[in-house]
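If you're wondering where the values come from, they're calculated on a predicted model, not measured in any experiment. Just so you know, these numbers use all the heavy atoms, side chains as well, and skip hydrogens, waters and symmetry mates.
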Amino acid sequence: MAGRINDDDVKAVRDAVPIDSVVSEYLQLRNAGGGNLKGLCPFHDEKSPSFQVSPAKGLFHCFGCQEGGDTIAFVMKIDHLSFSETVERLAAKAGITLRYEEGGYNPSHQRGERIRLIEAHQAAAEFYVRALESPEAEIGRKFLAERGFDQDAAARFRVGYSPAGWDHLTRYLRGKGFSDKELITSGLSQDGRRGPIDRFRGRLMWPISDTAGDIVGFGARKLRDDDNGPKYLNTPETPVYKKSQVLYGIDLAKKDIAKASRAVVVEGYTDVMACHLAGVTTAIATCGTAFGNDHIKILRRLLMDNGSARVIFTFDGDAAGQKAALRAFEDDQKFAAETYIAIAPDGMDPCDLRLVKGDDAVRDLVEPRTPLFEFALRQIVGRYDLETPAGRAAALDEAAAVVAKIKTSSVQREVAVQLAGLVGILDQEFVVRRVAQLARWARDKGGERGARGGPPGARDPRGTAPQRTAPAPGFSGPALNLRSPAHRTERELLKLALQKPALVSPAFDAYGVDEFTAPPYAAVRRCIEEAGGAEQGVVDDRAYLGAVLDAAPDNTVRSLVTELAVEVFHGRSIDETYAGMHLVHVRLRAVDRRIADVQSSLARLGTNVAPQDLAAAQNEVWVLQQYAQSLRAHGAAAL
């Protein structure tokens with residue numbers, strides 16, 4: 001076992017490595033005022049930044065998940081390192097030689113596993129780069145040249161070559177002091193009949209780095225016809241390499257992604273190279289897997305969930321590319337950023353496009369043109385014969401289910417209107433209602449708002465329009481009118497939820513954002529939802545208020561939350577009766593609005609409504625009227 005690291009050296013490491021420089025390797029930081037910085041917490045999912053860094057104090061703290069500490073604690077947490085591994089890593093960054101209490105200076109055989117695996121990959125990358133200059137690697141250099149990459153380009157991206165022999169790298173790394181166990185664990189070598197052999201042989205090699213810039217794996221491209229392996233072979237899952245959690249080029253692109261609030265997702269290593277060489281320095285790619293949740297988390301931390309940020313996906317125009325685009329669209333709502341798709345003329349990827357038409361064509365390609373949702377809907381609708389009523393109905397059924405997944409109600413409505421045009425249905429409101437209906441059914445089936453009574457899949461008698469769960473900056477819509485009984489009641493109910501949550505829980509948490517007609521109040525309701533609901537306030541009111549404030553998307557909403565949290569009530573006795581009265585009034589108005597909406601739609605359609613839709617609408621009205629009558633007769637007991 002390694003000796004204990006000298007305390008003075010630990011202190012020297014803490015002082016030498018600024019915490020903001022370390023944290024900014026993993027997420028974008030912005031000014032939080034008072035000398036502090038803020039960003040999206042890397043330790044839990046959140047919609048608005050509650051993670052703060054104090055460079056002056058050398059500390060970080062997340063007001064959402066309560067993680068906190070100094071630079072060493074941050075690296076230990078985010079990279080799953082031991083204390084000694086973390087100090088050794090930061091010491092290497094600062095150029096500090098560590099002393100151990102039991103004597104000796106930094107013995108390599110005693111260093112932590114992750115540090116050793118990273119060092120092995122760094123040594124392997126240097127070996128591969130040198131091997132690319134060998135006579136044997138002519139085939140690799142030719143491959144690069146044919147794709148427009150010269151020697152400087154290869155050096156910029158540290159592209160290398162793995163010799164075709166059985167154990168060239170293995171013997172080299174053994175000579176560097178790495179054990180066979182370390183070589184197998186790293187994925188650089190694999191078991192052979194007579195011991196470890198090289199995993200990659202006779203291939204062009206791309207080093208894959210994590211966000212901090214440490215090489216954690218390789219992507220290897222087949223060059224020879226007698227190579228029976230796959231076209232691309234990646235490092236297997238190891239303690240340092242998880243393919244679903246790495247993005248090729250992220251170490252090169254992260255600063256420009258944060259600065260430009262834009263990321264370009266391409267499909268391959270050569271596409272990343274082509275984009276960067278053409279001036280599109282925000283290009284990244286997945287490594288042998290589809291773009292998924294963990295990749296989204298990486299980009300969200302860099303983009304800071306900025307609503308004006310853009311993520312552009314480039315896919316081939318073939319069936320596989322279209323399938324990849326539809327898969328990406330399924331995760332679209334996990335971004336606050338706007339998502340687009342870019343498909344080059346003739347289905348060329350960025351690498352081919354640069355080779356044929358030059359750098360300008362690559363830059364033009366990734367300028368946002370087609371929203372991802374529009375492309376996805378066109379792909380779905382295009383599979384049906386829209387000249388027939390049956391074809392239009394089938395297209396609407398499939399596409400509407402996709403649109404219903406959009407969580408933002410305003411965006412959902414806008415896309416539903418566009419869907420009506422794509423399908424060729426003149427009655428836009430019919431499509432909007434259909435999408436809203438599917439959204440309610442999906443929400444009820446998933447239990448997102450809790451049990452509400454009624455059979456599975458039935459309409460929620462207390463629901464209205466689809467919920468919005470993602471916060472938006474500020475709020476838009478009509479200004480507050482405190483002379484309005486509805487606005488006054490909504491304000492009082494929010495004050496109860498913030499100041500006396502025990503009086504309105506758990507009923508309040510089943511209320512949708514859309515039940516608050518004043519946009520500012522809807523924004524506050526959304527913050528409470530993001531904070532875990534009013535029931536959290538029953539457990540710990542101080543932490544609950546802090547969470548609500550953290551969920552506020554901007555200072556305008558945050559100020560309103562503070563105002564409502566301290567404003568006096570209008571009633572004399574603030575008790576369960578007072579709370580129940582406001583719960584009932586807000587819900588009753590929502591139910592009455594829904595009844596009016598359905599009846600108005602039926603009146604506009606007249607005889608054009610289909611019998612089954614007419615029956616469904618009439619049944620919905622009847623259920624809602626019964627619920628309203630129960631609310632008027634029994635008050636809060638009917639909630």
Q | Over all atoms of both residues, closest heavy-atom pair of S48 and L40 | A | C-CD2, 3.7 Å
Q | Results of ring-ring contact (aromatic ring centres under 6.0 Å, His included) for F569 - residues two or more places apart only | A | none
Q. Does the K243 side chain pair with the main chain of E237, one donor and one acceptor, at a distance under 3.5 Å?
A. no
For a quick test of your reading: what N or O donor-acceptor pairs under 3.5 Å do the side chains of residues 630-639 make, sequence neighbours left out?
residue: R632; atom: NH2; partner: D592; partner atom: OD1; Å: 3.4
residue: R632; atom: NH2; partner: D592; partner atom: OD2; Å: 3.0

Q | Pairing residues for K242 by the salt bridge (Lys or Arg N to Asp or Glu O under 4.0 Å) criterion, not counting sequence neighbours | A | none
Q | Atom pair OG1 (T282) and CG (L302), whose distance is rounded to the nearest 0.5 Å | A | 11.0 Å
Q) Would you call C62 and H44 a side-chain contact if the rule is heavy atoms closer than 4.5 Å? A) yes
Q.
Test of understanding: with side-chain hydrogen bond (donor to acceptor under 3.5 Å, both in side chains), list the residues that count as partners of S50, not counting sequence neighbours.
A. E46
Q: Kindly give the heavy-atom pair with the smallest separation between A510 and E515, and that separation in Å.
A: O-OE2, 4.2 Å
Q. If you measure from the Lys or Arg side-chain nitrogens to the Asp or Glu carboxylate oxygens, is any gap between E429 and R413 under 4.0 Å?
A. yes
Q: Could you tell me whether the side chain of E529 reaches within less than 4.5 Å of the side chain of D509, counting heavy atoms only?
A: no
Q: Inspect the contact between E374 and R378 and indicate whether a charged nitrogen and a carboxylate oxygen are less than 4.0 angstrom apart.
A: yes
Q | Separation between CD of Q536 and CG of L545, rounded to the nearest 0.5 Å | A | 12.0 Å
**Q.** Within-4.5 Å side-chain heavy-atom neighbours: Y340 and V366
**A.** no
(Q) Tell me whether T388 contacts the main-chain N or O of D385 through its side chain, where contact means a donor paired with an acceptor under 3.5 Å. (A) yes
Q | Minimal non-hydrogen separation, I528 against A534, with atom names | A | CG2-N, 3.8 Å
Q.
To the closest 0.5 Å, what do you measure between SG (C287) and CD (Q245)?
A. 12.0 Å
Q.
So, using ring-ring contact (aromatic ring centres under 6.0 Å, His included) as the criterion, who are the partners of F516 when residues are at least two apart?
A. none
Q.
Before you tell me yes or no, could you show the steps for R525 and Y511 under side-chain hydrogen bond (donor to acceptor under 3.5 Å, both in side chains), namely the whole-Å CA-CA distance, both residues' side-chain angles and the distance that decides it to 0.1 Å?
A. CA-CA 9 Å; R525 172 65 187 95; Y511 280 50; over 6 Å; no
Q) Taking it one step at a time, do I284 and Y248 satisfy side-chain contact (heavy atoms from CB on, under 4.5 Å)? A) CA-CA 6 Å; I284 49 163; Y248 176 69; over 6 Å; no
Q. Which distance, rounded to the nearest 0.5 Å, do you find between the CG of L377 and the CD of Q418?
A. 8.0 Å
Q) Any side-chain heavy-atom pair from L247 and T211 closer than 4.5 angstrom? A) no
(Q) To the nearest 0.5 Å, what is the distance between CG on L498 and CG on L564? (A) 6.0 Å
Q: For L503 and I574, run side-chain contact (heavy atoms from CB on, under 4.5 Å): C-alpha distance rounded to whole Å, both residues' side-chain angles, the deciding distance at 0.1 Å, then the answer.
A: CA-CA 9 Å; L503 292 180; I574 311 306; 4.1 Å; yes
Q | Any Y627 side-chain heavy atom under 4.5 Å of L588 side chain | A | no
Q | Residues which pass salt bridge (Lys or Arg N to Asp or Glu O under 4.0 Å) with E398, listed by chain and number, not counting sequence neighbours | A | R383
**Q.** Residues E267 and T314: side-chain donor-acceptor under 3.5 angstrom
**A.** no
**Q.** salt bridge (Lys or Arg N to Asp or Glu O under 4.0 Å) against R558, all qualifying residues, sequence neighbours excluded
**A.** none
Q: Report yes if some heavy atom in the side chain of L396 is under 4.5 Å from a heavy atom in the side chain of F430; otherwise report no.
A: yes
Q) Is it true that atom CD of E576 has more than 12 heavy atoms of other residues, nucleotides or ligands lying nearer than 6.0 Å? A) no
Q: Run the salt-bridge test on E620 and R594 with the 4.0 Å N-O cut-off and return the result as yes or no.
A: yes
Q) Given side chains that start at C-beta, do those of P553 and C527 come closer than 4.5 Å, heavy atoms only? A) yes
Q | Flag if over 12 foreign heavy atoms under 6.0 Å of CD, Q626 | A | yes
Q: Can you sort out the partners of E492 under side-chain hydrogen bond (donor to acceptor under 3.5 Å, both in side chains), two or more places apart, ordered by chain and number?
A: K495, Y578
Q: With rounding to the nearest 0.5 Å, note down the distance linking CZ in R300 to CD1 in I298.
A: 12.0 Å
Q) What closest approach, in Å, do V504 and A579 show between heavy atoms, and which atom pair accounts for it? A) CG1-CB, 3.9 Å
Q | For R434, salt bridge (Lys or Arg N to Asp or Glu O under 4.0 Å) partners two or more places apart | A | D397
Q) Which residues satisfy the ring-ring contact (aromatic ring centres under 6.0 Å, His included) test with F63, sequence neighbours excluded? A) H61
Q. Taking only residues two or more places apart in sequence or in another chain, which ones pass side-chain hydrogen bond (donor to acceptor under 3.5 Å, both in side chains) with Y26?
A. D79, R89
Q. Between V264 and R262, does a side-chain contact (heavy atoms from CB on, under 4.5 Å) hold up when you go through it step by step?
A. CA-CA 7 Å; V264 176; R262 186 177 89 153; 4.3 Å; yes
Q) Do we get R392 above Y384's six-membered ring, with its NZ or CZ under 6.0 Å from the centre and within 45° of the axis? A) no
Q. So, for A309 and L303, which heavy atoms are closest and what is the spacing to 0.1 Å?
A. CB-CD2, 4.0 Å
Q. Tell me, do L583 and R587 make a side-chain contact under 4.5 Å, heavy atoms counted?
A. no
Q: Go through F291 and F313 one step at a time and tell me if the ring-ring contact (aromatic ring centres under 6.0 Å, His included) criterion holds.
A: CA-CA 10 Å; F291 191 85; F313 293 90; 5.2 Å; yes
Q) Closest approach of S244 and D294, non-hydrogen atoms and distance? A) O-CB, 3.0 Å
Q: Might you work through the side-chain contact (heavy atoms from CB on, under 4.5 Å) test for H585 and L493, ending with a clear yes or no?
A: CA-CA 10 Å; H585 285 172; L493 181 55; over 6 Å; no
Q.
Just to verify, what does K38 make a side-chain hydrogen bond (donor to acceptor under 3.5 Å, both in side chains) with, not counting sequence neighbours?
A. none
Q) Do any N or O atoms from the side chain of E490 and from the backbone of A518 form a donor-acceptor pair under 3.5 angstrom? A) yes
Q: Could you tell me whether K77 and E67 make a salt bridge, using a distance below 4.0 angstrom between a side-chain N and a carboxylate O?
A: yes
